Amino acid sequence: MINENWESEFKTRLLEHYDEMKWLYTELYNDPHAFDYFCEMLHQYYTERSDLLKEWDEARIAVPNWYQGNEMLGMLMYVKQFAGTLKGVKEHLDYVQECGVNYLHLMPLLESPAGRSDGGYAVSNFRKVQPELGTMEDLSDLATECHKKGMSVCLDFVMNHTSEDHEWAKRARAGEKEYQDRYFFFDNWNIPNEFEKTVPQVFPTTAPGNFSWCEEAHKVVMTTFYPYQWDLNYNNPTVFNDMTANMLNLCNHGVDIVRLDAVPYIWKKLGTSCRNLPEVHTLVRLMRMAAEVVCPGTLLLGEVVMEPSKVVPYFGSIEKPECHMLYNVTTMASTWHTVATRDVRLLKHQLGTVFALPKQYTFLNYLRCHDDIGWGLDYDFLGQFGINEVLHKKFLNDYFTGKLWESNGRGELYNDDPTLGDARLCGTTASLCGVEAAVYEKNDWKLNMSLELDEMLHAFLFTQSGIPVLYSGDEIGQLNDYSYHDDPLKWDDSRYLHRGDLNWDHVAMRNDMNTRQGRLFHALRKLEKIRASHPVFESDADAWVVETYNDHVLGIGRYFDNEKLIALFNFSEDEQVAWINEEEDYIDLMTGLQRDAKGVNLAGHSFAWLLHSYREKEYNNEAPTPVEKKTKPVDKSDAEAKPAEKKAELKAEAKPAEKKAEVKAEAKPAEKKAEVKAEAKPAEKKAEVKVEAKPAAKKTQSAKKTTRKPAAKKTRKTTKKASTKKVTTK
Ligand code: GLC
């Protein structure tokens with residue numbers, strides 16, 4: 001039901017989606033009252049949204065692809081590990097900016113019981129920040145400050161479950177039926193046992209099984225993850241309504257990107273795997289529409305750690321989109337496989353699949369995150385080379401835990417279940433690359449090789465289309481943190497190995513090029529700046545696999561806006577030749593020197609970014625040479641250069657609406673607003689911007705130009721029933 005008195009902006013947006021929303025909602029719930037409540041709730045969050053955030057929404061609607069540019073760079077961090085508190089993060093934003101970051105992902109920070117938190121993924125109050133980190137106001141303040149600096153803020157929305165300490169769980173435990181109906185409660189083990197026949201396990205060693213016994217309620221409760229994480233029952237419209245409200249509340253505190261945690265798991269049905277069921281897509285689509293109505297500047301990032309065929313459907317369709325962004329998880333895992341095997345054939349195959357997808361699909365690319373690395377590789381493809389899944393996983397794990405004589409990786413296993421041979425891997429990027437072993441052995445040759453590998457992997461990361469995201473600390477090559485072994489609240493979860501505190505003494509060494517911190521920091525900065533300066537790194541670029549006729553060398557081609565890039569990556573520690581034969585003249589972007597793209601020699605673990613500009617003739621008429629012209633922004637840029645400014649330099653002429661967004665980012669939005677008001681009535685201003693250029697049309701035009709768990713945790717209140725089911729690829 002649409003209320004005539006609602007603001008016209010809200011009504012217009014709601015009307016745009018109303019029919020589809022009602023249809024999908026009715027299919028799931030067939031409850032008109034619940035749907036009316038849902039619409040009222042959307043209106044409430046629309047009215048509560050601040051004018052400042054509404055301005056951001058407007059700027060972003062004007063440039064819907066604002067997050068797909070080549071200047072985007074993300075960083076992932078735990079507030080506590082980075083700077084202690086939210087206020088601390090705010091104080092250290094200059095450093096984040098110095099890293100070139102304009103997308104800040106803060107790991108879960110809402111209230112979560114100590115010792116039963118799963119790294120913050122067991123939320124006991126969606127409206128309250130963990131007291132030791134700060135308050136909801138601190139979160140809003142930090143978001144405002146980030147926005148002023150042109151940064152977006154991403155936050156997890158842990159929607160599959162609540163902590164057993166959440167108010168709903170407490171009331172369910174006390175026997176209130178209404179609250180038990182928000183979870184999956186069973187009087188005995190009969191139905192849970194039926195579920196167990198088809199549902200894989202997420203934590204087979206630390207939290208086996210998918211159900212736990214709740215002594216207080218004297219019932220069995222569904223707990224896919226840890227026993228203290230109770231699965232929410234989205235069959236119940238109240239759960240969906242209230243959880244969507246929780247999400248919108250975070251958006252109204254300035255969160256720009258909502259990471260839908262464990263989203264494939266949110267719908268359960270007996271006799272299925274309880275993963276990726278069709279209803280999940282309906283729910284995500286509804287959430288997407290809810291966000292588009294209330295806070296249209298918001299993006300949804302789906303955490304779908306599954307094989308590619310399961311991941312891609314979460315983008316939805318062009319007409320009915322679901323998530324804006326998804327993790328490029330298979331490429332990440334295939335990259336580490338390639339490090340261990342020095343054989344690029346799987347990665348070539350994987351990239352071929354990704355490159356064939358529509359360019360509107362935005363991937364979040366990463367080398368590692370806060371979770372383990374699961375070996376979800378394409379074993380059908382590997383099978384043709386005689387590779388066996390179980391044996392290969394063992395090889396990879398042995399390799400990265402340094403068990404093989406030639407391996408320098410220093411990782412640890414996660415959820416090692418010897419019966420299934422399906423352990424996953426933990427470790428920081430630097431430690432997995434061999435930096436830790438080299439430092440320990442005081443072996444300079446090894447240190448050099450492992451840093452080369454680390455740099456090369458980042459260069460590969462930056463060559464992919466989408467948003468590259470660094471884990472805080474990786475920019476200075478932070479090593480594993482073994483202190484979790486001594487912490488009884490963490491010792492049984494090896495993911496804490498790579499979630500250590502940022503070492504600020506090491507950060508302070510970032511400008512000393514004689515240190516490994518300095519070397520890596522500046523190498524990454526250089527790559528980021530080059531990436532941000534060349535349109536060929538735009539997500540809209542054509543990308544293809546280049547045949548190098550050498551299984552140690554990966555070749556990637558990119559083309560956009562008259563620029564062609566040939567990127568080569570040598571995954572072996574020996575010198576290799578990329579047997580390519582590209583006709584044009586190329587410049588090596590790392591040196592600024594001319595370099596032929598024919599039979600390219602690559603030192604061990606090195607890479608090359610070779611650029612040809614088809615604008616050469618144009619440039620030759622005007623000095624300077626294309627090389628100088630193209631590399632100029634890179635050479636002159638200093639460590640403080642803001643990526644947003646860079647974007648302004650490059651795109652100011654092309655996309656006036658982006659300029660508008662940027663201006664807002666640089667000046668205090670409130671002041672800016674006043675300024676705009678003084679100059680012209682906002683409506684006029686808006687009209688003016690629209691007349692100057694339609695960003696979407698602009699985009700199409702340029703595209704056309706291309707012609708082409710604790711082992712029985714003592715403190716836990718519910719106990720899980722062990723089972724020996726198949727494990728997921730997570
Ligand atoms: C996601 C998180 C992971 C967590 C799980 C359960 O996969 O990335 O850290 O354990 O969800 O919430």
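All ligand and atom numbering here is 1-based and tracks the order in the structure. Note that the structure is a prediction, hence the values are computed from the model and not measured.
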Checklist line | Atom indices of ligand 1, in the order listed, that fall short of 4.0 Å to a heavy atom of H370 | finding: 2 (C), 3 (C), 8 (O), 9 (O)
Margin query: Under the rule for side chain to side chain donor-acceptor pair (under 3.5 Å), what residues qualify as partners of N125, not counting sequence neighbours?
Written below: none
Note to self: I'd like to know if the side chain of E322 pairs up with that of H281 as donor and acceptor (distance under 3.5 Å, no hydrogens or angles considered).
What the structure shows: yes
Item checked: Numbered atoms of ligand 1 (with element) below 4.0 Å of D371, judged on heavy atoms -> 2 (C), 3 (C), 7 (O), 8 (O), 9 (O)
Checklist line | Ion pair R495/D371, N-O distance below 4.0 Å | finding: yes
Checklist line | Element-labelled atoms of ligand 1 that are located less than 4.0 Å from some non-hydrogen atom of H161 | finding: 6 (C), 12 (O)
Next item on the list: Could you tell me which atoms of ligand 1, counted from 1 in the order shown, lie closer than 4.0 angstrom to a heavy atom of R259?
Entry: 8 (O)
Item checked: Lys/Arg-Asp/Glu bridge criterion (N-O < 4.0 Å) met for D481, R499 -> no
Next item on the list: Give the numbers and elements of all ligand 1 atoms closer than 4.0 Å to a heavy atom of D118.
Entry: 4 (C), 5 (C), 6 (C), 10 (O), 12 (O)
Next item on the list: Identify, by atom number and element, the atoms of ligand 1 in contact range of F203, meaning under 4.0 Å from any of its heavy atoms.
Entry: 10 (O)
Next item on the list: Just jot down the side chain to side chain donor-acceptor pair (under 3.5 Å) partners of H370, sequence neighbours excluded, or say none.
Entry: Y121
